S.K.: 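Take a look at this one; I'll ask things after.
Below, chains carry the letters A, B, ... as their sequence lines are ordered, and counting in each starts from 1. All of these numbers come straight from a predicted model, not from anything done at the bench.
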There are 2 protein chains.
Amino acid sequence: MTFSKSFGYALRGILYISLLKDEPRKISIDEIAEKLSVPRHFLGKIMKAVVKAGILSSTRGLQGGFFINEKTLDTPLLTIILLTEGNNYFNTCLLSMRKCNSSNPCPLHNKVEEHKDGLLQIYGQTLVSDLLQDDKADFVKSLATVEAA
Amino acid sequence: MTFSKSFGYALRGILYISLLKDEPRKISIDEIAEKLSVPRHFLGKIMKAVVKAGILSSTRGLQGGFFINEKTLDTPLLTIILLTEGNNYFNTCLLSMRKCNSSNPCPLHNKVEEHKDGLLQIYGQTLVSDLLQDDKADFVKSLATVEAA
DNA sequence: TCAATAAAGGACATCGATATCCTTTTTATT
DNA sequence: AATAAAAAGGATATCGATGTCCTTTATTGA
């Protein structure tokens with residue numbers, strides 16, 4: 001039910017850049033980190049991986065920064081999950097047993113299988129573009145880390 | 001979708017002890033750790049917490065060990081989850097945002113809400129006794145850590 | 001009472017995720 | 001060419017989950 005912080009930072013960064021797709025400028029790590037209240041250097045590392053995976057593009061130097069490419073908006077959440085959580089996030093046995101699958105199920109396996117599949121469906125079908133919202137100011141606000149209520 | 005190793009060890013330990021409920025003897029950490037191929041001392045720490053929570057009982061000394069009590073078999077998985085994962089495992093925002101709930105949802109919140117609730121239902125309704133299986137030898141085997149295929 | 005046993009408790013070690021900092025490389029502008 | 005800006009890369013720090021070890025406490029049986 002939980003994702004790593006890396007996943008949260010990655011998706012929020014991608015959404016922030018996607019939201020500004022119509023602006024001519026590129027977006028720097030400094031800006032993203034500040035607007036989303038996310039640790040600057042850690043975010044840098046994560047965005048590097050996101051670019052390496054082809055989900056976003058970037059250029060160095062003056063006027064450089066991050067920007068969307070032809071894949072960005074059509075990227076399923078699942079791709080980002082697999083990038084940040086590792087390839088067997090959905091294969092991991094809930095009971096920390098190494099060998100557990102449908103033919104060799106742990107006591108919990110079948111009980112959760114259906115919902116696991118449901119989530120996989122959602123993550124596979126939901127694209128970055130599906131998460132964007134019209135009101136930019138509101139959306140940026142909703143992406144920023146805020147102290148718990 | 002993932003639980004800590006602590007949860008896996010706790011549940012498997014509880015199941016192992018529950019399985020042997022008809023034997024007159026009490027079960028030691030050494031036996032559980034060996035039969036389940038789980039780290040001995042770490043398991044000890046976890047079982048201590050399980051006993052403290054009242055899910056199991058134990059006595060020290062010669063002939064001592066762990067044994068089930070009136071609550072054990074009727075304990076819902078959710079109780080064990082909350083014990084090992086902390087009380088807000090199901091409240092954690094998937095995007096690592098501090099403030100996120102149904103009235104203030106993050107971009108992913110509503111997409112997964114339904115399945116989250118479904119899993120909560122399962123974990124709340126499934127009892128330790130529901131996971132026990134008739135064939136003891138087979139069941140113990142299915143509880144033991146095995147190298148990935 | 002004494003010895004053996006087993007959980008309880010606490011100190012410490014390790015490891016991976018998270019986070020920070022500094023250097024290198026690339027790019028645009030002057 | 002020189003400078004400034006920004007990502008890329010790499011070294012190190014921190015923290016919590018995991019794991020090990022040793023001591024203390026409780027219990028049984030001789």
S.K.: Inspect the surroundings of NZ in B:K21 and state if more than 12 heavy atoms from other residues, nucleotides or ligands are less than 6.0 Å away.
M.R.: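 Correct, the count exceeds 12.
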
S.K.: Report the C-alpha separation of B:E113 and B:S102 in whole Å, then their side-chain angles, then the decisive distance to 0.1 Å, and conclude whether the side-chain hydrogen bond (donor to acceptor under 3.5 Å, both in side chains) test is met.
M.R.: CA-CA 9 Å; B:E113 193 74 356; B:S102 50; 5.7 Å; no

S.K.: Sequence neighbours left out, what passes ring-ring contact (aromatic ring centres under 6.0 Å, His included) with A:F42? Give chain and number order.
M.R.: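 Once residues adjacent in sequence are excluded, the partners of A:F42 under the ring-ring contact (aromatic ring centres under 6.0 Å, His included) criterion are A:Y9.
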
S.K.: Answer yes or no: is there an ion pair linking A:R25 with A:E31, defined by an N-O contact shorter than 4.0 Å?
M.R.: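 A salt bridge is present here (some side-chain N lies under 4.0 Å from a carboxylate O).
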
S.K.: Taking atom CD of B:E114 as the centre, does the number of heavy atoms from other residues, nucleotides or ligands within less than 6.0 Å exceed 12?
M.R.: no

S.K.: At a heavy-atom distance below 4.0 Å, what parts of residues 8-31 of chain A sit against DNA chain D?
M.R.: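 The answer is A:I27, A:S28, A:I29.
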
S.K.: Would you please say whether a donor-acceptor pair under 3.5 Å links the side chains of B:S103 and B:N101?
M.R.: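 A donor-acceptor contact under 3.5 Å links the two side chains.
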
S.K.: Side chains of A:R12 and B:S96: any donor to acceptor distance under 3.5 Å?
M.R.: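 Side chains of B:S96 and A:R12: no pair found under 3.5 Å.
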
S.K.: Please check: side-chain N/O of A:S129 versus main-chain N/O of A:L73, any donor-acceptor pairing under 3.5 Å?
M.R.: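 Confirmed, A:S129 side chain pairs with A:L73 backbone.
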
S.K.: Search all heavy atoms of A:I46 against all heavy atoms of A:S6 and return the closest pair with its distance.
M.R.: CD1-CA, 3.7 Å

S.K.: Once ring-ring contact (aromatic ring centres under 6.0 Å, His included) is applied, do any residues pair with A:F7, and if so which ones, sequence neighbours excluded?
M.R.: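 For A:F7 the ring-ring contact (aromatic ring centres under 6.0 Å, His included) partners, ignoring immediate neighbours, are A:F3.
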
S.K.: Does anything in residues 45-69 of chain A reach DNA chain C, meaning a heavy atom under 4.0 Å, and if so which residues?
M.R.: A:K45, A:R60, A:G61, A:L62, A:Q63

S.K.: Might you work through the side chain to side chain contact (heavy atoms under 4.5 Å, CB included) test for B:I27 and B:F67, ending with a clear yes or no?
M.R.: CA-CA 7 Å; B:I27 315 295; B:F67 54 97; over 6 Å; no

S.K.: What are the bounds, 5' to 3', of the part of DNA chain C that sits under 4.0 Å from heavy atoms of chain B?
M.R.: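 The contact span of chain B on DNA chain C goes from C:dT5 to C:dA11.
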
S.K.: Between A:T145 and A:L36 (side chain of the first, backbone of the second, donor and acceptor by atom type, cut-off under 3.5 Å), is there such a pair?
M.R.: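 Checked: pair present.
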
S.K.: Name the first nucleotide and the last nucleotide along DNA chain D (5' to 3') that come under 4.0 Å of a heavy atom in chain A.
M.R.: D:dA5 to D:dA11

